[in-house]
Amino acid sequence: MCGILAVLGCSDDSQAKRVRVLELSRRLKHRGPDWSGLYQHGDCYLAHQRLAIIDPASGDQPLFNEDKSIVVTVNGEIYNHEYLRKRLPNHTFRTGSDCDVIAHLYEEYGENFVDMLDGMFSFVLLDTRDNSFIVARDAIGITSLYIGWGLDGNVSKRFWFMSRVMVIDRYIYALFCAQFRIELNLMLVTSILSSYYAIFSGSIWISSELKGLNDDCEHFECFPPGHLYSSKLGGLKQWYNPLWFSEAIPSTPYDPLVLRRAFENAVIKRLMTDVPFGVLLSGGLDSSLVASITARHLAGTKAAKQWGTQLHSFCVGLEGSPDLKAAKEVSDYLGTVHHEFHFTVQDGIDAIEEVIYHIETYDVTTIRASTPMFLMARKIKSLGVKMVISGEGSDEIFGGYLYFHKAPNKEEFHQETCRKIKALHQYDCLRANKSTSAWGLEARVPFLDKEFINVAMAIDPESKMIKKGEGRIEKWVLRKAFDDEERPYLPKHILYRQKEQFSDGVGYSWIDGLKAHAAQHVTNKMMFNAERIYPHNTPNTKEAYYYRMIFERFFPQNSARLSVPGGASIACSTAKAVEWDATWSTNLDPSGRAALGVHDSAYDNQVPSASNSIPAIIGNVPLKMEVSTPGVAIQS
């Protein structure tokens, strides 16, 4: 992943401003350690920190069209760039970079070209002929992106605006609904506010991460996935609007071969690379399928000619964790060169502050899962690997989280999957993108391929429903699609291994260790005053309070705290799904283990005992967990 930063329509075009933009861009250097570039045209600045994956020799950014009248800075990968080049026969390309097509597509088709791109991307494009610009983010929000409004606007207008509209900052959705007495779409509200800021504020700022904006912007927020910001329109418009977005219940009969082919195609197109790569392998269904398909199709690719036909796989966990055991078995079955990384609870705790700085959230489940991924990414990069393929998105598409066992009917099942996919940019996409980008490593996610999502979300959700009496556990349609007796993709017990949240699979002791550590740093008195100290998204556990303290130290602005989602959750559910089981409303732990009574898999929990005993539950079996001394994994 690269890092992009743009300042558009700035009132200051001095050398001092250029130096400041460079300084802020360097905050994103971890995302792109290979090269940096800055283009200035009058009052517009486009900066780039490059992670070179395709055409490392000549693909430096910003990129231009033939006469350099159109300039673009891009973070992402365009998997169909070779096909798009063929559709532009009258254009001359300066580089072999996949992102080089963007400026030329704009020149040919105007602002309506974004849906032609197949990939993950965030970009800013400046047309110097009329000083107009567009900003776009990929369909699901795989790449991170934020928009801000600078401090250099019209002071008198801004004062009027702030006194009347900025209060929406805190209660944006509720106040708009109350004012207009209608139920407004949140994206519509965001678009309206963006237009207000464009009128009354100064420059528009775009950044891959919050840290590029938080000191220099009056207000900033998450740039919505599947949207385009046009300076000509003065606001946002949605370019991605598939059928499933309406949450209408689909009726296409389940065809395992159609689903299999769609996912294989999604994986194969992500083998496009000019640098060493591998797969993240936890031993669960999703990552194991990614590894299996990659291993099958690697031999005929350009990557194999450059780097060899043997696939490298990577796994992280506490000593003796479920994931390490399962991943090793899958690796042996597929014949990958396997790299197993161990960490201790103390290693993870020591990294928490750095993790929160990089992933820019205080969401509990995201931090729990990001920490081992963050540690693993550093190890992977040290081996010279710059790109990995990962399994994010499957649980949202197929209802893979354990709480889906409680879905009352196919309608609610499907609507929950739609809500989960729409929110991915705030959770798993954010984790995968920023945990790896912290070390200049790119993560690609084939389950979030646009074409694959269209196929998977068109399936009648009755086929996705979990029916234990019929032998259908979660993600049954995906498992069945790859259950090939003649040429097996995976061993049966791996193909039908039950869901394990990543933060649980790396070792049950990990979460319990985090809770114990937070309890030592957050007092009961602090919790009693939590609502007064943190009125927005008030932390309801000591672990959540601990993360919030760290986050606010790095990002104290009101806009920053508003960028993090909140609300009731159980086992990674949305707030709506909490209604499926009355007992969930009293459970404050968002871990997958909180969905009691649905996890039937048995795991070995062998550990030496130590001090500082704390209670825990695995599945529905109470255990006595004990926290060890620093550097030693928690044992039972």
Side-chain angles (χ1 to χ4, degrees), residues 1-8 21-39 45-64 71-79 81 94-103 114 117-126 133-138 140-147 205-213 223 225 270 272-277 358-360 377 380-381 385-390 425 429-445:
M1 284 297 162
C2 302
I4 63 174
L5 177 70
V7 184
L8 305 156
V21 173
L22 283 169
E23 179 185 352
L24 293 172
S25 178
R26 282 193 289 271
R27 293 184 182 180
L28 309 177
K29 186 178 286 187
H30 53 275
R31 298 181 64 90
D34 296 333
W35 193 252
S36 59
L38 174 63
Y39 174 85
Y45 302 80
L46 274 67
H48 189 265
Q49 301 289 342
R50 188 185 186 206
L51 179 66
I53 304 292
I54 304 297
D55 188 19
S58 66
D60 296 339
Q61 296 193 35
L63 296 164
F64 305 88
V71 56
V72 61
T73 179
V74 191
N75 167 35
E77 301 291 345
I78 310 301
Y79 303 122
H81 75 104
R94 295 174 177 273
T95 78
S97 169
D98 53 298
C99 296
D100 207 353
V101 297
I102 292 177
V114 181
L117 301 175
D118 182 6
M120 54 178 183
F121 54 83
S122 297
F123 68 80
V124 179
L125 182 150
L126 174 66
F133 62 86
I134 61 173
V135 184
R137 189 179 185 188
D138 65 64
I140 306 299
I142 302 168
T143 58
S144 59
L145 194 67
Y146 298 87
I147 183 170
W205 293 58
I206 303 294
S207 177
S208 295
E209 296 185 1
L210 282 178
K211 57 184 67 69
L213 306 177
F223 192 99
R270 283 160 179 79
M272 176 188 81
T273 177
D274 291 334
V275 298
F277 83 105
H358 277 287
I359 64 174
E360 302 177 322
I380 293 172
K381 188 60 183 292
V385 172
K386 297 178 72 174
M387 185 272 282
V388 290
I389 308 178
S390 189
H425 67 286
C429 286
L430 180 148
R431 166 180 57 79
N433 180 276
K434 293 183 180 178
S435 295
T436 53
S437 293
W439 303 107
L441 180 69
E442 177 174 286
R444 298 181 179 176
V445 283

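Throughout, numbering of the chain's residues begins at 1 and tracks the sequence.
Looking at every heavy atom in both residues, S25 comes nearest to L5 through N-CD2, 3.5 Å. Closest heavy-atom contact between F277 and V385: CA-CG1, 3.8 Å. Here the shortest heavy-atom pairing between I389 and M387 reads CG1-SD, 3.9 Å. Among all heavy-atom pairs drawn from I4 and S122, the shortest one is CD1-O, 3.7 Å. For the pair P225 and G141, the tightest heavy-atom approach, listed with the atom from each and the gap, is CB-N, 3.5 Å. Nearest approach of Q61 to L63, heavy atoms of both residues: CG-CG, 3.6 Å.
Between the side chain of T73 and the backbone N or O of A47 there is at least one donor-acceptor pair closer than 3.5 Å. Checked by atom type and distance alone, the side chain of R137 pairs as donor or acceptor with a backbone atom of T143 at under 3.5 Å. A distance-only check finds a donor-acceptor pair linking the side chain of N75 to the backbone of C2 [under 3.5 Å]. The main-chain N or O of F121 is found under 3.5 Å from a side-chain atom of D138 such that the two form a donor-acceptor pair. Counting only distance, with no hydrogens or angles, the side chain of E360 and the backbone of K211 share a donor-acceptor pair below 3.5 Å. Looking only at distances, a side-chain donor or acceptor of T436 sits under 3.5 Å from a matching main-chain atom of N433. Between the side chain of R50 and the backbone N or O of G59 there is at least one donor-acceptor pair closer than 3.5 Å.
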For Y39 and L126, what are the C-alpha separation, side-chain angles and deciding distance, and is it a side chain to side chain contact (heavy atoms under 4.5 Å, CB included)? CA-CA 10 Å; Y39 174 85; L126 174 66; 4.3 Å; yes
Taking it one step at a time, do R431 and I359 satisfy side chain to side chain contact (heavy atoms under 4.5 Å, CB included)? CA-CA 6 Å; R431 166 180 57 79; I359 64 174; 5.9 Å; no
Test side chain to side chain contact (heavy atoms under 4.5 Å, CB included) applied to L24 and Y45, step by step: CA-CA 12 Å; L24 293 172; Y45 302 80; over 6 Å; no
Given the rule in the side chain to side chain contact (heavy atoms under 4.5 Å, CB included) test, do I206 and L145 qualify, once you have shown the distances and angles that lead to the verdict? CA-CA 7 Å; I206 303 294; L145 194 67; 3.5 Å; yes
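The OH atom of Y146 lies 9.5 Å from the CG atom of L213; values are rounded to the nearest 0.5 Å. Atom OH of residue Y79 and atom CG of residue D118 lie 8.5 Å apart, to the nearest 0.5 angstrom. To the nearest 0.5 Å, atom CG of residue L430 and atom OG of residue S435 are 8.0 Å apart. Interatomic distance, M120 CE to R444 CZ, rounded to the nearest 0.5 Å: 5.5 Å. Atom CG of D274 is separated from atom CD1 of I54 by 4.5 Å, given to the nearest 0.5 angstrom. A distance of 4.5 Å separates CD1 of I78 from CG of L117, quoted to the nearest 0.5 Å.
Salt-bridge formation is not detected for the pair R27/E209: no Lys NZ or Arg NE/NH1/NH2 atom is positioned less than 4.0 Å from an Asp or Glu carboxylate oxygen. Looking at D100 and R94, no side-chain N of the basic residue comes within less than 4.0 Å of a carboxylate O on the acidic one, giving no salt bridge. A salt bridge is absent between E442 and K386: the closest approach of a Lys/Arg side-chain nitrogen to an acidic carboxylate oxygen does not fall below 4.0 angstrom.
In this structure, H81 and M272 have side chains that are in contact, with non-hydrogen atoms separated by less than 4.5 Å. Contact of the C99 side chain with the V72 side chain is not registered, since no non-hydrogen atoms from C-beta on lie closer than 4.5 Å. Using a 4.5 Å heavy-atom cutoff, the side chains of L125 and V71 are not in contact. No side-chain heavy atom of K381 sits less than 4.5 Å from a side-chain heavy atom of V388.
Aromatic ring pairs are classed by plane angle as parallel below 30°, tilted from 30° to 60° and perpendicular above 60°; the pair H30 and H358 is perpendicular.
A donor-acceptor contact closer than 3.5 angstrom links the side chains of D55 and S58.
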